[in-house]
Amino acid sequence: MSSLQGAYGYAQDLNASLNSIRIVSGQSVEQMARFADQANRSAQALSTSTLAYTDAALIFYQQGLTGDAVTERVDTVLKLSNVTGDSAEQVSSYMTAI
């Protein structure tokens, strides 16, 4: 039962993250579906969760970046996060400051 509740909570968090990106970026439902698929594939390749990927992407979308610029930065953030042990949010803040 605990596992089921965890999965449900994760799905809600992921949906909220994707919805926030959609609001900030103005993307359509179809565009967000494609982004979600791409985020899932990228997250798997980077050995992280899709939620971590979308949360990191949200930061860059909020800065007004789009498309490849977001993807490049998120990939870099997640790689650095894996190496340093810092959260993706912390690494995103460092990169933004730099």
Side-chain angles (χ1 to χ4, degrees):
M1 189 61 142
S2 175
S3 172
L4 185 58
Q5 288 175 335
Y8 179 73
Y10 178 84
Q12 283 185 312
D13 291 344
L14 180 58
N15 186 52
S17 182
L18 289 168
N19 192 45
S20 294
I21 291 171
R22 184 170 178 255
I23 290 168
V24 169
S25 67
Q27 293 186 34
S28 69
V29 173
E30 294 81 19
Q31 289 171 314
M32 283 310 301
R34 286 192 301 273
F35 173 78
D37 288 339
Q38 179 265 324
N40 187 42
R41 286 190 308 275
S42 294
Q44 288 176 355
L46 294 168
S47 300
T48 192
S49 71
T50 305
L51 180 58
Y53 190 95
T54 59
D55 284 347
L58 176 60
I59 293 167
F60 296 113
Y61 276 111
Q62 288 171 332
Q63 294 174 7
L65 301 174
T66 59
D68 290 339
V70 170
T71 301
E72 290 172 5
R73 284 170 177 79
V74 171
D75 288 353
T76 301
V77 161
L78 293 174
K79 288 174 186 175
L80 286 170
S81 176
N82 286 339
V83 170
T84 64
D86 291 334
S87 71
E89 185 177 356
Q90 289 173 315
V91 175
S92 295
S93 295
Y94 303 152
M95 284 186 63
T96 300
I98 292 171

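Numbers here simply count residues along the sequence, with the first being 1.
Note: L51 CG to N40 CG = 11.5 Å, rounded to the nearest 0.5 Å. The distance from the CG atom of D37 to the CE atom of M32 is 10.5 Å, given to the nearest 0.5 Å.
Within the structure, ring pair (Phe, Tyr, Trp, His ring centres under 6.0 Å) contacts touching residues 64-90 (residues at least two apart or in different chains) do not occur. Residue pairs that meet the ring pair (Phe, Tyr, Trp, His ring centres under 6.0 Å) test with at least one member in residues 14-39, sequence neighbours left out, are F35-Y61.
With no hydrogens or angles considered, a side-chain donor-acceptor pair links Y53 and Q38 at under 3.5 Å.
Applying the side chain to side chain donor-acceptor pair (under 3.5 Å) test to T96 and every residue at least two apart in sequence or in another chain returns Q63. For S93, there are no side-chain contact (heavy atoms from CB on, under 4.5 Å) partners at least two apart in sequence or on another chain. Residues meeting the side-chain contact (heavy atoms from CB on, under 4.5 Å) test with D86, sequence neighbours left out: T84, Q90, V91, Y94. For Q12, the side-chain contact (heavy atoms from CB on, under 4.5 Å) partners two or more places apart in sequence, or in a different chain, are Y8. Every side chain to side chain donor-acceptor pair (under 3.5 Å) that S17 has, sequence neighbours left out, goes to T54, D55. Remark: A36 pairs with L18 by the side-chain contact (heavy atoms from CB on, under 4.5 Å) rule, at least two apart or across chains. Residues passing the side chain to side chain donor-acceptor pair (under 3.5 Å) test with S47: none are found, sequence neighbours excluded. Qualifying side chain to side chain donor-acceptor pair (under 3.5 Å) partners for S81, counting only residues two or more places apart in sequence or in other chains: none.
In this structure a side-chain-to-backbone donor-acceptor pair under 3.5 Å is present from Q31 to S28.
Annotation: side chain of T50 is in contact with side chain of Y10 (closest heavy-atom distance under 4.5 Å).
Across all non-hydrogen atoms, the minimal contact from Q27 to S25 is CG-OG, 3.0 Å.
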Just distance, no hydrogens or angles: give the donor-acceptor pairs under 3.5 Å from side chains in residues 68-78, sequence neighbours left out.
residue: T71; atom: OG1; partner: G67; partner atom: O; Å: 3.3
residue: R73; atom: NH1; partner: A69; partner atom: O; Å: 3.2
residue: T76; atom: OG1; partner: E72; partner atom: O; Å: 2.9

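Hydrophobic clustering of Ile, Leu, Val, Met, Phe, Trp and Tyr side chains at less than 4.5 Å, counting indirect connections, keeps L65 apart from I59.
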